Structure formats: C-alpha cells, structure tokens
Amino acid sequence: LNTTYEILLYLEEMFLKRHKYPSTVEVGYDNLMKIVLVRLQVLQRSQTILLDMIGRDRNGELIDKIAVKDICQMFITIDKSIGSNNYKEYFETPFIKSSEQYYLLDSQKDIKSMAAVDYFK
C-alpha cells in the first residue's frame with residue numbers, strides 16, 4: 001500500500017502537474033462520487049424521500065425540515081464538486097411538477113367546496 005502511494009505521488013509530481021491533468025485525488029473523488037451516486041442510486045432515493053417529505057408537510061404532518069435543507073444542500077454540493085446539474089434534474093424540476101399538481105388539486109377542491117366570494121378572499 002505504501003509503495004502504491006509513493007508511485008502515485010511520483011506520477012503526480014512528474015507527469016500530471018506538468019501536463020495539467022487533474023490530480024489523482026481529484027480523479028479518485030470524481031469516480032467515487034459517480035459510483036456512489038449512480039450505482040447506489042443515492043440521487044434517486046434522495047429525490048423520492050425529499051418529495052415525500054414535502055408532500056407530507058403540505059398535508060399538515062410534521063417533518064424534519066433540517067433534513068430537507070440538508071438533502072437540498074447535498075445536491076448543490078455535488079453539483080459544485082463534479083460539475084453536474086443534479087439539483088435541477090433530481091430536485092427542482094420534479095419539485096415544480098409536484099407543486100403544480102398539488103396546487104391544481106388544492107384549488108379545484110376549494111372551488112368545489114366554496115362559494116366564489118369565499119374563494120377569492
């Protein structure tokens with residue numbers, strides 16, 4: 001293990017920096033992130049949990065809002081670190097769609113149950 005580390009350090013100093021390639025640490029971090037995020041489906045699972053929590057909050061249940069904030073921050077951090085657009089793909093776009101559906105159903109329910117004067121108050 002120590003020999004491998006020394007070889008990587010040598011390659012980094014003698015080759016990677018001279019030719020302006022990313023460091024072994026950066027490449028390793030990027031690959032780890034891709035493996036964790038893609039193969040373990042962390043983003044998809046996080047999206048499901050996040051949208052479920054927001055839906056429960058809209059229905060009056062108490063949720064852990066700090067967890068919601070932390071998951072959103074995770075998406076933003078991942079985007080910055082690997083140069084992706086996961087926040088928009090896995091949170092923003094599905095959130096806007098679910099919000100549209102929620103408020104459409106909510107307004108239809110209110111229109112059916114209220115008089116026009118009460119609805120516009």
Side-chain angles (χ1 to χ4, degrees):
L1 190 59
N2 194 29
T3 305
T4 304
Y5 177 74
E6 289 174 7
I7 291 170
L8 290 174
L9 282 178
Y10 175 79
L11 287 173
E12 182 124 9
E13 290 297 320
M14 302 310 274
F15 181 75
L16 297 177
K17 286 184 181 178
R18 287 183 185 173
H19 298 290
K20 298 184 180 173
Y21 287 113
S23 72
T24 54
V25 172
E26 292 170 332
V27 171
Y29 181 74
D30 288 348
N31 286 329
L32 176 64
M33 293 297 283
K34 288 173 185 174
I35 289 169
V36 168
L37 298 178
V38 175
R39 291 191 186 160
L40 298 180
Q41 299 178 338
V42 170
L43 295 175
Q44 291 88 349
R45 290 177 186 171
S46 297
Q47 175 194 48
T48 302
I49 291 167
L50 189 58
L51 294 176
D52 179 61
M53 290 176 76
I54 292 169
R56 290 185 315 184
D57 182 56
R58 288 177 174 161
N59 292 324
E61 292 181 42
L62 290 176
I63 63 164
D64 185 355
K65 292 183 181 182
I66 293 172
V68 171
K69 178 184 160 271
D70 289 345
I71 293 171
C72 289
Q73 188 60 47
M74 177 192 75
F75 283 121
I76 293 166
T77 302
I78 291 167
D79 284 354
K80 287 180 182 177
S81 67
I82 63 174
S84 62
N85 201 16
N86 292 311
Y87 177 82
K88 185 172 183 125
E89 181 181 344
Y90 287 98
F91 175 67
E92 186 177 293
T93 302
F95 173 71
I96 291 170
K97 285 180 184 177
S98 72
S99 296
E100 181 182 356
Q101 290 174 337
Y102 173 79
Y103 288 111
L104 179 65
L105 291 173
D106 189 50
S107 64
Q108 288 174 349
K109 180 184 73 161
D110 289 344
I111 288 172
K112 288 180 182 177
S113 67
M114 296 178 169
V117 174
D118 293 332
Y119 180 76
F120 287 108
K121 284 185 181 179

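The structure presented is a predicted model; accordingly, all values stated were derived computationally and were not measured.
Within the 3.5 Å criterion, the main-chain N or O of Glu61 finds no donor-acceptor partner in the side chain of Asn59. Remark: the backbone N or O of Arg58 is paired with a side-chain donor or acceptor of Tyr102 at under 3.5 angstrom. Remark: side-chain polar atoms of Asn86 are not paired, donor with acceptor, to backbone N or O of Asp79 under 3.5 angstrom.
A side-chain contact (heavy atoms from CB on, under 4.5 Å) with Leu51 holds for exactly one of Pro94, Ser46, Ser99; it is Pro94.
Under a cut-off of 6.0 angstrom, the local environment of CD in Glu100 is sparse, with at most 12 non-hydrogen atoms contributed by other residues, nucleotides or ligands. Other residues, nucleotides and ligands contribute only 12 or fewer heavy atoms inside 6.0 Å of the CD1 atom of Ile66. For Leu62, the CG atom sits in a loose shell: 12 or fewer heavy atoms of surrounding residues, nucleotides or ligands are nearer than 6.0 Å.
Grouping the Ile, Leu, Val, Met, Phe, Trp and Tyr side chains by contacts below 4.5 angstrom, directly or via other members, places Tyr21 apart from Leu11. A single hydrophobic cluster is not seen to contain both Tyr103 and Met53; linkage of ILVMFWY side chains at heavy-atom distances under 4.5 Å, directly or through other members, places them apart. Under the 4.5 Å side-chain heavy-atom criterion for Ile, Leu, Val, Met, Phe, Trp and Tyr, Ile49 and Val42 are members of the same hydrophobic cluster.
Remark: Glu13 CD to Leu8 CG distance equals 12.0 Å, nearest 0.5 Å. Atoms CG and SG, from Leu50 and Cys72 in turn, are 5.0 Å apart once rounded to the nearest 0.5 Å. Rounding to the nearest 0.5 angstrom, the gap separating the CE atom in Met14 from the CG atom in Leu9 is 12.5 Å. How far CZ of Phe91 is from CD1 of Ile96: 9.0 Å, rounded to the nearest 0.5 Å. From Tyr87, atom OH reaches atom CD of Gln73 across 9.5 Å, with rounding to the nearest 0.5 Å. Note: Asp110 CG to Leu105 CG = 11.0 Å, rounded to the nearest 0.5 Å.
Ring centroid separation for the pair Phe15 and Tyr10 does not come in under the 6.0 Å cut-off.
No side-chain heavy atom of Asp64 sits under 4.5 Å from any side-chain heavy atom of Val68. Side-chain contact between Asp106 and Lys109: present, with at least one pair of heavy atoms (C-beta onward) separated by less than 4.5 Å.
When all heavy atoms are compared, the tightest approach of Glu89 to Gln47 is O-NE2, 4.3 Å.
Salt-bridge formation is detected for the pair Asp57/Lys65: a Lys NZ or Arg NE/NH1/NH2 atom is positioned less than 4.0 Å from an Asp or Glu carboxylate oxygen.
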